[in-house]
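When reading the values below, keep in mind they use all heavy atoms of this one structure, side chains included, and skip hydrogens, waters and symmetry mates. Below, chains carry the letters A, B, ... as their sequence lines are ordered, and counting in each starts from 1.
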Number of protein chains: 2
Amino acid sequence: MLRLSKLTDYAVVVLVRLSSMDGVQTSPGIAAATGIPEPTVAKVLKILAGSDLVSSQRGARGGYRLNRVLADIPVADVITAIDGPIALTACVDGSASECESLCMCPMRGRWDPVNAAIQSALTSISLADMQPSTIPLAFRMPAEAPHVPVQSPLRAAE
Amino acid sequence: MLRLSKLTDYAVVVLVRLSSMDGVQTSPGIAAATGIPEPTVAKVLKILAGSDLVSSQRGARGGYRLNRVLADIPVADVITAIDGPIALTACVDGSASECESLCMCPMRGRWDPVNAAIQSALTSISLADMQPSTIPLAFRMPAEAPHVPVQSPLRAAE
DNA sequence: TGTTAACCGTACTCACTCAGTCCGGATTGC
DNA sequence: GCAATCCGGACTGAGTGAGTACGGTTAACA
């Protein structure tokens, strides 16, 4: 499975939550609203603040505020902020030190078109496209509901 | 970083190597040619055989043989064979048991368009596109990579 | 000015996953 | 029968990431 870190998933949840209310929101408040552990929310917000996706306000009555509207935040930005540059293999980003020891690697640079395709796919989708309003079913999922994931176009890949 | 398992990387190398010669090839031979440890090559080939990408022939003078030409093998097939279904988050594939304990997750199903975009991107690229001779220069990633791929590294594998 | 509420930064631990290895068995050609 | 090769499973060590804890800093407010 192409793996995305859990923190990235959390980041999207947090950003969507931030956009749902005006003014600043505290990390405990977001944690309570989303069900994500509070220290984890704080961790995610801190990283996002470092990438200028949100801005922080310290002190009493402080909190976090979204810097841009959701439609202006491509998914690629969130993934890059949390996980670092989007690259499927170590060969593509800067950290190819390991590969240098294996100089006969015949795939050097071959993943570039794949990475480029994924990069452009992720850039073309904004967080607004992932908002509940566009797929109105899932925001309030009753606890007893049998877990029926929204039908995924990816099931064909199995 | 969007993570792809090393085995998938190896699988591409192995498949390209298989396509470069007629007849069956043994895993020790492929290991020697690619520099990948032999048990790992065997592991990759076994998985690929289970996905009908290659066929195996047991016994003396046995080995592995490519079932299709490279142009008929999309990258998505290789990734699916090695890593399982292409899905960025556990919510999308079947293994969402963990998510059931967190029923207020507002992102349920939201990753579907992202996964679909990546799936189509990966399906549109075949292994033949990753072969050394076929990469158009314009496809190279300009960003943040002082690491210029070695030209035609596949020769080293022959 | 002191208290309080919130962010900030770092370090730590635990658990999980994956790459790589090993071994015995089955199959096939000579 | 022997040798070469694939087959299948189990095991281990390393790496990584999620989550936690704690003390410090900043700013609003009474």
Side-chain angles (χ1 to χ4, degrees), chain A residues 1-11 13-14 18 23-32 34-51 54-65 79 81-84 88-90 95 97-99 101-102 105, chain B residues 1-11 13-14 18 23-32 34-51 53-65 79 81-84 88-90 93 95 97-99 101-102 105:
Chain A
M1 179 173 92
L2 251 172
R3 184 67 53 83
L4 201 65
S5 79
K6 252 184 186 176
L7 283 187
T8 306
D9 203 355
Y10 291 158
V13 175
V14 166
L18 269 180
V24 300
Q25 293 183 61
T26 69
S27 53
I30 297 175
T34 59
I36 303 171
E38 182 193 328
T40 303
V41 171
K43 192 182 202 172
V44 167
L45 283 170
K46 188 171 49 179
I47 298 174
L48 294 177
S51 300
V54 305
S55 57
S56 65
Q57 182 174 337
R58 303 183 68 169
R61 307 187 60 91
Y64 289 93
R65 164 186 303 129
I79 295 176
I82 303 288
D83 285 339
L88 293 179
T89 61
S95 62
S97 58
E98 154 198 12
C99 213
S101 66
L102 193 66
C105 165
Chain B
M1 178 174 90
L2 253 171
R3 183 69 51 84
L4 202 65
S5 79
K6 253 182 184 175
L7 284 188
T8 305
D9 203 354
Y10 292 158
V13 175
V14 166
L18 270 179
V24 300
Q25 294 183 60
T26 68
S27 51
I30 297 175
T34 58
I36 303 171
E38 183 193 328
T40 303
V41 171
K43 192 182 200 173
V44 167
L45 283 170
K46 191 169 49 177
I47 298 174
L48 293 177
S51 300
L53 288 174
V54 305
S55 57
S56 65
Q57 181 174 337
R58 303 182 67 167
R61 306 186 61 90
Y64 289 93
R65 165 186 302 125
I79 296 176
I82 303 288
D83 285 339
L88 293 179
T89 61
D93 64 8
S95 63
S97 58
E98 155 197 14
C99 212
S101 65
L102 194 65
C105 165

Figure out the CG/P separation between B:L7 and C:dT21, and round it to whole Å. 12 Å
Measure CG/A:D83 against P/D:dT16 and give the value in whole Å, please. 13 Å
Looking at the side chain of B:Y10, which of C:dG20, C:dG9, D:dC6 is the nearest nucleotide? C:dG20
Report the distance from atom CD1 of B:I47 to atom P of C:dC18, rounded to the nearest whole Å. 11 Å
Without decimals, in angstroms, what is the distance between A:E38 CD and D:dT20 P? 10 Å
Give a yes/no answer on whether the side chain of B:S27 brings an N or O atom under 4.0 Å of OP1 or OP2 in D:dC6. yes
Please check if the side chain of A:T40 supplies one atom and the backbone of A:I36 the other of a donor-acceptor pair under 3.5 Å. no
Options C:dT28, C:dC7, D:dA18, nucleotide nearest the side-chain atoms of B:A60: C:dT28
So, OP1 or OP2 of C:dA5: does either fall under 4.0 Å of a side-chain N or O from A:T26? no
Minimal non-hydrogen separation, A:A81 against A:I47, with atom names: O-CG2, 3.4 Å
Mark yes or no for a side-chain to base donor-acceptor pair under 3.5 Å between A:R61 and D:dA28, with no hydrogen or angle criteria applied. no
Rounded distance (Å) that lies between atom P of C:dT17 and atom NZ of B:K43: 14 Å
Of all heavy-atom pairs between B:L18 and B:Y64, which one has the smallest distance, and what is that distance? CD2-O, 3.6 Å
Once hydrogens and angles are ignored, does a donor-acceptor distance under 3.5 Å link the base of D:dT5 to the side chain of B:R58? no
Closest non-hydrogen contact found for A:V24 with A:G62 is CG2-O, 3.8 Å
When every non-hydrogen atom of A:P28 is compared with those of A:E38, the smallest separation belongs to CG-OE2, 3.6 Å
In whole angstroms, the gap separating P of C:dC7 from CG of A:L45 amounts to 8 Å
Of the listed nucleotides (D:dG8, C:dA19, D:dA18), which one gets closest to any side-chain atom of A:S5? D:dA18
Out of D:dG19, C:dT21, D:dT20, which has the shortest distance to the side chain of A:P39? D:dT20
Measure the distance from NZ on A:K46 to P on D:dG19 and round it to the nearest whole Å. 15 Å
CD1 of B:I82 versus C1' of C:dC18: gap in Å, rounded? 13 Å
Closest nucleotide of DNA chain C for B:P37 versus for A:Y64: which of these residues is on the 5' side? A:Y64
Determine whether any donor atom in the side chain of A:K6 lies under 3.5 Å from an acceptor atom in the base of D:dG17, or the reverse, and answer yes or no. no
